[in-house]
Amino acid sequence: MSSRYAKSIAHLERSRKTLAGGVSSNVRAGDMPFPLFFDRGLGSHLWDVDGNEYIDYVLGRGPLFLGHTHQEVIDATCKQLQRGQIYAAQHELEFELSERVSRIVPCAELVRFGISGSEAVHGALRLARAATGRQTIIKFEGQYHGWLDNILYSLSPDLARAGDQLHPDTLPESAGQLNSTDSHLVTLPWNNLPVIEEYLAQHGSTIAAVITEPVMCNTAVIPPLPGYLEALREICTRYEIVLIFDEVITGFRLSLAGAQGFFNIVPDLTIFGKAIANGMPISCLAGKEKYMGLIAAGKVGHGGTYNSIPPAVAGAIATLDVLERDEGAVYKTVTSVGNSLMSGIKHLADKQGIPVVVQGYGTIFYVGFPKTSEAGKPSQAVSDYRSSLGMNQQLYGEFVSAMVDRGVRIIPRGNWFLSSEHTQSDVDATLGAIESVFAEVLSKAVPA
Ligand SMILES: Cc1ncc(COP(=O)(O)O)c(C=O)c1O
């Protein structure tokens with residue numbers, strides 16, 4: 001391994017002396033086999049500093065729906081860079097983008113732009129509390145809404161401390177956060193209507209918002225059960241609770257109009273980031289006038305030096321140009337290539353007797369290896385955080401490292417991102433690598 005990654009190893013050692021942990025985001029510290037250093041990306045491929053080439057299913061952890069260095073996005077961004085990086089004022093591209101988002105996204109009557117998904121989530125929570133005069137927010141166990149103090153709870157809680165499955169405790173993910181009682185958060189299990197119905201029957205009038213990833217992308221890409229999102233919508237309306245869809249991953253990925261377009265459910269507020277600008281730093285808080293109007297009226301604060309920086313907005317507009325082209329043809333292409341990869345993985349696992357869970361959508365899906373599975377019985381889908389713990393993370397880590405060694409870059413948590421630049425030949429090469437990892441690494445490790 002060391003000769004394949006010699007430069008990355010040396011760079012990591014050097015970085016650790018001045019960069020905390022050698023990385024700029026804790027998530028990257030968990031990369032397998034260790035945090036590699038990259039030199040350049042093009043389309044669906046990436047090259048590391050040692051000259052190794054990878055088919056990339058990380059895609060910046062979601063933004064690069066059009067692949068690395070998409071020419072139209074780069075051109076639009078560079079053209080704007082020549083005209084200025086930041087005006088700290090309005091510019092014409094800004095309303096061009098807000099009009100586009102408003103036309104495309106069902107709930108987006110009014111829009112504001114920021115840089116990161118985390119801060120847009122922060123804005124949504126503030127709006128919901130201001131609009132309702134209530135404090136408490138409901139979130140779901142295993143869901144991620146950014147790294148800020150007000151919401152970084154119960155993403156991957158330790159079961160020994162997480163309480164009852166149906167009434168989980170709300171646990172901070174990081175030292176330094178407020179304790180759960182002061183968080184004004186309630187954590188419930190995802191995909192479980194009776195529990196939320198029961199909770200709201202008692203506490204509905206005290207809840208400001210329900211925030212949810214409409215597909216639980218950050219844990220096992222769990223789809224909503226049939227009727228679940230519809231029921232959430234109805235319950236929130238009934239108790240006058242603000243329904244927030246966090247579409248930082250699903251937005252402009254699951255469909256042009258995100259999960260809300262895909263499932264045809266209109267939330268009150270929504271958050272976009274990542275795929276909206278194919279790698280340029282921009283996020284978007286959008287929603288119904290009833291709520292966003294509080295920002296417009298100056299009653300609810302929203303700010304940021306870098307909000308709507310012109311190069312990023314230009315990149316977003318160019319991205320939407322491509323996404324909207326030919327009535328969104330790109331979504332059919334990505335879905336079909338992704339589906340082919342999903343079914344190929346299942347087929348190879350079945351052939352080699354390796355229990356596997358493959359679930360999600362062609363544009364984003366999850367792969368995991370169950371800890372135990374009765375021979376001959378199909379592996380169960382994962383439906384919430386607790387059932388995701390039935391997956392063998394250690395084994396998946398070995399799988400990831402072996403795949404990276406073979407030139408396929410994937411995320412240790414199990415989610416795979418697809419782009420418009422992934423081709424059937426990428427899929428074939430990926431399946432070739434998987435076949436060899438299944439035969440050489442996994443078949444020896446899988447419990448009999
Ligand atoms: C669903 C979801 N919400 C919010 C965020 C936070 O976005 P950002 O990393 O841009 O702050 C993420 C990041 O991965 C996310 O997946």
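Numbering of ligands and ligand atoms starts at 1, following listing order. Since this is a predicted model, take the numbers as computed values, not measurements.
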- For Ile249, the atoms of ligand 1 under 4.0 Å from one of its heavy atoms are 16 (O)
- Query: Quick one: are the ring centres of Phe34 and Tyr5 less than 6.0 Å apart?
  - Reply: yes
- Message: Any heavy-atom pair between the side chains of Tyr291 and Val300 that's under 4.5 Å?
- Response: no
- Task: List every atom of ligand 1 that sits less than 4.0 Å from any heavy atom of His145, numbering the atoms from 1 in the order shown and giving each element.
- Result: 3 (N), 4 (C)
- Does the ring center of Tyr199 lie less than 6.0 Å from the ring center of His167? no
- Item | Arg253 NZ/CZ over Phe272 ring centroid, <6.0 Å and within 45° of normal | no
- Query: Polar-atom distance check: Asn218 versus ligand 1, any N or O pair below 3.5 Å?
  - Reply: yes
- Region of Tyr144 engaging ligand 1 - heavy atom pairs below 4.0 Å: both
- Against heavy atoms of Glu213, which atoms of ligand 1 measure under 4.0 Å? 1 (C)
- Query: Is the centre of the Phe262 ring less than 6.0 Å from the centre of the Tyr331 ring?
  - Reply: no
- Just distances here: any N/O of Gly117 and N/O of ligand 1 closer than 3.5 Å? yes
- Note on the structure: Among non-hydrogen protein atoms, atom 9 (O) of ligand 1 lies closest to Ser118 OG, 4.4 Å
- Any idea which atoms of ligand 1 are less than 4.0 Å away from a heavy-atom of Lys274? 13 (C), 14 (O)
- Message: Using a 6.0 Å cut-off, check whether atom CG of Asp39 has over 12 heavy atoms from anything other than its own residue.
- Response: yes
- Query: Distance only, no hydrogens: is a donor on one side chain within 3.5 Å (strictly under) of an acceptor on the other, for His145 and Asp246?
  - Reply: yes
- Message: Students should be able to answer this: which protein heavy-atom is nearest to atom 3 (N) of ligand 1, and at what distance?
- Response: Asp246 OD2, 2.6 Å
